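One structure below.
Keep in mind that this is a model prediction, so the values were computed, not measured. Naming: A, B, ... by sequence-line order, numbering from 1 per chain.
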Protein chains: 2
Amino acid sequence: MLTIHEVAELAGVSKSTVSRVLNNNGYVNEETRRRIEKIIQEHQYKPSAAAVSLSKQIGSTIGVVIPEIDNSFFGEVLKGINEVADQNGFSIIYCDTQNNGDKELKALSALEQQRVRGVIITPAMGYGDRESVDKLKNALAKLDVPVVIVDRDFDYSQWDTIYFQNYESGYIATESMIKAGNTKIGIIQGDMQLKIARERFRGYQDAMAANGLEIPEQYVLKGDFTIDTAYALTKSMIDSKELPEGMVTCNNRTSIGFIKAMIESGITIGSDIAVVGIDNVPMLDVLGFPFSCVSRDTIEMGRMSMKLLMERMNKPDVQRSIWVAPCRLELNGSEKTNR
Amino acid sequence: MLTIHEVAELAGVSKSTVSRVLNNNGYVNEETRRRIEKIIQEHQYKPSAAAVSLSKQIGSTIGVVIPEIDNSFFGEVLKGINEVADQNGFSIIYCDTQNNGDKELKALSALEQQRVRGVIITPAMGYGDRESVDKLKNALAKLDVPVVIVDRDFDYSQWDTIYFQNYESGYIATESMIKAGNTKIGIIQGDMQLKIARERFRGYQDAMAANGLEIPEQYVLKGDFTIDTAYALTKSMIDSKELPEGMVTCNNRTSIGFIKAMIESGITIGSDIAVVGIDNVPMLDVLGFPFSCVSRDTIEMGRMSMKLLMERMNKPDVQRSIWVAPCRLELNGSEKTNR
DNA sequence: TTGTACGCGTTATCAC
DNA sequence: GTGATAACGCGTACAA
């Protein structure tokens, strides 16, 4: 791997001149420019990113911190981020936190060492207690670079944020089942320590109230956004022999756990019981399985988060901006019952 | 963000001394060491990765090049890579090629600029023609760092490779349906320009032959590893009114397309027709949908690829090593028919 | 046990 | 138009 100095020697000029053609600034004779460009071409010379960022005092990598890449939601977000980053010459340093707060802090520390230009992060779960939240906030603040929070907002945050119409999605999901003729509607909550879970639940509550319906307390199940918990809760609801007419499931994992339990028990969704989930579950519509949901364009969320980050890098001082991704009701039959 | 020099000033020593405690080499007085460590602690000082790698002439990042991160297979591989990389202080620069050869070459060029320490790559598809393959090979060779090829091998490759028991998986999938009593067994091939597709097909052929069965040519469908093609092929097979007893589907996408078509047409898998896929399809067993397959431990494949890469970094000159991930037959009922 | 001086590959500020 | 030269933040012989 040759250096700018060697390129200069080959061209019979000094490295300053090579640097000029490289960065396309300053005057340089048309002929010598061509000579240098030819050599660069032939040897496929590429300036060392490390040296450039050291000299320029500014890098070209960003950090992306994600809790679980094997969740298709985050896979799609990452895809969107990658698309825009690519177009703009940024490299992505990827960190998986496995939903673990400690790993998250370590990841941020690593990104700090890498002197990334900005960070896109979906905070790990379990930031219920004030102390953990503060640790994360401090770590982010200490980075001293633009940060975009994706999907999971926390209160009193200072950073650009991109999230979903959480309240609305809870409301719409509930409402769609009411319109389909159901009245006894329950919900499997998400982790209520997270704001997104509380917002979705509030949407559910308001939709019920707006339609003059009572909330059946025994069908308000305390989930945590995982498959296993949703499965267990649904199972024991089934065991109690008394089912609601419909249920709202608060994210894709929850929907999966719920559906699994129902199928196992031979209860037909869209007939014996209705369900409308928040988040799409890609495999289901591929299989033609009836599943209505409130979905969002995740890839676009990824693209948008990278765009936000870049805007912030350009204008560090403008007010915090929040982008709320619209939700979209997709009815596929599971919002109904035949009872 | 302070520099080593400032840390040194605060401690009243020279930067060499700070460097010594940082890297834990050379003698340094116990007391001054403590003093320096305290300051490092207090200010959360972290050496700049760029400066370190420039000075040491060796970096601590690796590149991971993946064709489609929203395919759960690659999500899991990345998870495994991340796990091991994390434990060993490597940062991951992530590149998505979207199965596009040009983007792949650009990604490699970016990684070259980043002076990554090594590359783990699953080549994009479509490398059928000799020319494209050579371009990729040249790009990899020019990187001049350790490379590990994951999942998609090509002939006459010189790099460490991790792949799947492709031949065996085709054989076992076919055999399991024969054992279940089926004789007229077809297959939806993968992209036959890829070695993995050819190997899997060869396994199918041999299993049929070993059991004295003829290959029903009309049920050898020319797929390409995508959902859409598999779906279309299956549809037109259904339209022809004559179904085989069983089908082998050559990867997860193919299985999905096949299943979708079958469900749409009201044909019950595991009863009207048998199928055994190569690759697991996570959502299916969660839903309790009968689907037998030959699966592999993808996360482990990820871990292993990172381990191979590290070994190669330590011993550049030992012979090329190939790790073949074992396959595992998982029978869930879809290998049978009731006809 | 510690400090000085140089080099890593690049950009940028000056002179020329 | 071009070329020295000094940074950038760090590691490391070598000298003290």
Side-chain angles (χ1 to χ4, degrees), chain A residues 1-37 39-40 43-61 89 91 110-117 144-145, chain B residues 1-37 39-40 43-61 89 91 110-117 144-145:
Chain A
M1 183 103 309
L2 66 175
T3 72
I4 195 175
H5 183 236
E6 302 176 277
V7 174
E9 276 194 339
L10 286 171
V13 295
S14 81
K15 47 187 191 155
S16 337
T17 308
V18 178
S19 178
R20 281 190 199 97
V21 346
L22 236 33
N23 299 291
N24 222 335
N25 62 17
Y27 300 95
V28 38
N29 181 292
E30 200 46 44
E31 188 195 350
T32 58
R33 145 163 284 130
R34 252 194 282 283
R35 185 155 32 101
I36 293 173
E37 273 170 349
I39 292 179
I40 289 177
H43 294 72
Q44 297 263 37
Y45 165 74
K46 297 187 185 64
S48 147
V52 172
S53 67
L54 195 61
S55 176
K56 282 197 177 169
Q57 284 295 80
I58 192 162
S60 63
T61 65
S91 291
L111 292 178
E112 195 176 354
Q113 250 182 291
Q114 295 289 341
R115 303 291 193 267
V116 291
R117 190 80 177 283
D144 198 33
V145 295
Chain B
M1 182 103 312
L2 65 176
T3 71
I4 195 174
H5 183 235
E6 302 176 277
V7 173
E9 275 194 339
L10 287 172
V13 295
S14 82
K15 45 184 196 152
S16 0
T17 308
V18 177
S19 178
R20 280 188 201 99
V21 345
L22 235 34
N23 299 291
N24 224 335
N25 64 14
Y27 300 96
V28 39
N29 181 292
E30 201 46 46
E31 189 195 351
T32 58
R33 145 164 282 132
R34 252 193 283 283
R35 186 153 34 98
I36 293 174
E37 273 172 347
I39 292 178
I40 290 178
H43 294 71
Q44 297 263 41
Y45 165 74
K46 296 186 188 64
S48 148
V52 171
S53 66
L54 196 59
S55 174
K56 281 195 176 171
Q57 284 295 79
I58 193 162
S60 63
T61 65
S91 290
L111 293 179
E112 194 177 354
Q113 246 180 296
Q114 294 290 339
R115 304 289 193 267
V116 292
R117 190 80 176 282
D144 198 33
V145 294

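B:Ser48 comes within 4.0 angstrom of the backbone, heavy atoms only, and of no base.
Heavy-atom nearest nucleotides on DNA chain D were determined for B:Ser16 and for B:Leu54, and the one closer to the 5' end corresponds to B:Leu54.
The side-chain contact (heavy atoms from CB on, under 4.5 Å) with B:Pro47 is formed by just one residue from the set B:Ile40, B:Thr3, B:Val52, B:Ile4; it is B:Val52.
When rounded to the nearest whole Å, the span between NE2 of B:His5 and P of D:dC8 equals 10 Å. Between the P atom of C:dG9 and the CD atom of B:Gln114 lies a distance of 16 Å, rounded to the nearest Å. Atom C1' of nucleotide C:dG9 and atom CD of A:Gln57 are separated by 14 Å, given to the nearest angstrom. The interatomic distance linking B:Ile58 (CD1) with D:dG9 (P) rounds to 23 Å, in whole Å. One atom, CD of A:Glu112, and another, C1' of D:dG9, lie 15 Å apart when rounded to the nearest Å. The distance between atom CZ of A:Arg33 and atom C1' of D:dG1, rounded to the nearest whole Å, is 11 Å. One atom, CD of A:Glu9, and another, P of D:dT2, lie 18 Å apart when rounded to the nearest Å. If you measure from atom NZ of A:Lys56 to atom P of D:dG9, you get 16 Å, rounded to the nearest angstrom.
Side-chain proximity of B:Lys15 to D:dG11, C:dT10, C:dG3: nearest is D:dG11. Checking C:dA5, D:dC14, C:dT11 against the side-chain heavy atoms of B:Arg20 singles out D:dC14 as nearest. Of all nucleotides listed (C:dT1, C:dG3, C:dT10), C:dT1 comes nearest to the side chain of B:Asn29. Out of D:dG9, C:dT11, C:dT13, the shortest distance to the side chain of B:Ala51 is found at D:dG9.
Panel note: side chain A:Ser53, backbone A:Ala49; a donor-acceptor pair is recorded below 3.5 Å.
For the pair B:Thr32 and C:dT2, the criterion of a side-chain N or O lying under 4.0 Å from OP1 or OP2 is met. One finds no side-chain N or O of B:Tyr45 lying less than 4.0 angstrom from the OP1 or OP2 phosphate oxygen of D:dG9. Taking 4.0 angstrom as the limit, A:Thr17 places a side-chain polar atom (N or O) nearer than this to OP1 or OP2 of D:dG3. Dashed line: the shortest gap from a side-chain N or O of A:Ser14 to OP1 or OP2 of D:dA4 is not under 4.0 Å.
Side-chain atoms of B:Asp144 and A:Met1, non-hydrogen and from C-beta on, never get closer than 4.5 Å to each other. Proximity of A:Thr61 to B:Thr61: side-chain heavy atoms (C-beta onward) are nowhere separated by under 4.5 Å. Side-chain contact check for A:Leu111 versus A:Val145: every heavy-atom pair is 4.5 Å or farther apart. Looking only at side-chain heavy atoms (C-beta outward), A:Arg33 and A:Ile36 stay at 4.5 Å or farther from each other.
Scanning both residues, B:Lys46 and A:Arg115, for their nearest heavy atoms gives O-NH2, 2.8 Å.
Taking the charged nitrogens against the carboxylate oxygens, A:Glu31 and A:Arg35 have no contact shorter than 4.0 Å, which rules out a salt bridge.
When the C1' atoms of four end pairs are superposed on the next four at each end of the helix from C:dT1-D:dA16 to C:dC16-D:dG1, using five pairs per end, the two resulting axes differ in direction by 40°, to 10°.
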